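Everything on this sheet refers to the single structure shown next.
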Amino acid sequence: MQIISGTAVAEKVIEECRREIAELTAQGRKPGLAVVLVGDDPASRAYVRSKDKKCRDLGLHSVKLELPATTTQEELLAHVRVLNNDPEIHGILVQSPPPKHIDEAAIVRAIDPAKDVDGFHPVNVAKLALEDPTGFVPCTPLGCQRLLIDAGIETSGAHAVVVGRSMIVGKPMALLLMAKGKGGDATVTVTHSRTRDLAAITRTADIIIAAIGRPHFIKAEHVKEGAVVIDVGINRVDDPTSEKGYKLVGDVAYDEVAPKCRAITPVPGGVGPMTIAMLMANTIKACKQSEQR
Ligand code: GUN
């Protein structure tokens, strides 16, 4: 059984980013990312902090906007417009989910698609479906695909079962796996919370992408011997023995599933670090493409 280290692969991606940043620096260019957080959800706050920190580590221009939970739709739109017009900013990310009074889809549509490093704008969703390489692919599924490629997992002709249908992970993951080329060419089934007899379907999978957002949802009975399992879940569960009072667990019951697998990603240290690495890569791509317009 192979444990796929997201930490190690993410470090490789970050090294690639460093080389590209050095090339851009030599041309007097510097990629810039703006991360916007509305409200004070502790998990979102932690994500935004680590995105900002990684930017600074790499020497990217980073703007972190932390707005109060009372921020109105209009105020948030105004911030997005300013960032759209800021030539030093190449990537804009509004951390999801925003507070309930915010119309998230309208905010995403307001972001310049050329700066939408999250890949959530309808133009980028369409480009992914059309296999247009100028588009931005959401960072988490892009990171999952990179893990499969780096771990030497053959996706071509494989049956990949995606568990979860979110706009952030499940849907784009399915499109990536069915696209032509490296890390693609798979036969893809998308399952979700309403799927009948889910275990019967996941048991036919060569590759399972668990992205349903429920702790330890995928059990040994869901997995066939020799399958590859990518665990996208980052769930906070109570843990009185830990200092923080909680621990992070995946969507996969790792202890019972891992012994059946050919390869599996751990939580933490699996998909998590990849998401941030791919965000850096997308920001560099946005910077490079901005000069071509
Ligand atoms: N919330 C969870 N994952 C993501 C992500 O990749 N981007 C944004 N903007 N919000 C998220």
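Ligands are counted one by one from 1 in listed order, and the atoms in each one are counted from 1 as well. Predicted model only: the values in this text are computed from it and were never measured. Residue numbers count from 1 along this sequence.
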I'd like a table of the close N/O pairs between ligand 1 and the protein (anything under 3.5 Å), one pair per line with both atom names and the distance.
residue	atom	partner	partner atom	Å
ligand 1	1 (N)	Gln95	NE2	3.2
ligand 1	1 (N)	Ser96	O	2.9
ligand 1	7 (N)	Asp118	OD1	2.9
ligand 1	7 (N)	Asp118	OD2	3.4
ligand 1	9 (N)	Val94	O	3.0
ligand 1	9 (N)	Asp118	OD2	2.6
ligand 1	10 (N)	Gln95	NE2	3.4
ligand 1	10 (N)	Ser96	N	3.0

Geometric cation-pi criterion, Lys127 with Phe136: 6.0 Å, 45°: no

Donor-acceptor contact present, side-chain Asn84 to main-chain Ala110, <3.5 Å: yes

side-chain contact (heavy atoms from CB on, under 4.5 Å) assessment of Met274 paired with Arg146: CA-CA 8 Å; Met274 290 302 292; Arg146 176 68 192 258; 3.7 Å; yes

Side-chain donor or acceptor of Gln27 paired with backbone N/O of Arg29 under 3.5 Å: no

Gly245 backbone acceptor or donor facing Asp239 side chain under 3.5 Å: no

Residues which pass side-chain hydrogen bond (donor to acceptor under 3.5 Å, both in side chains) with Thr275, listed by chain and number, not counting sequence neighbours: Thr140

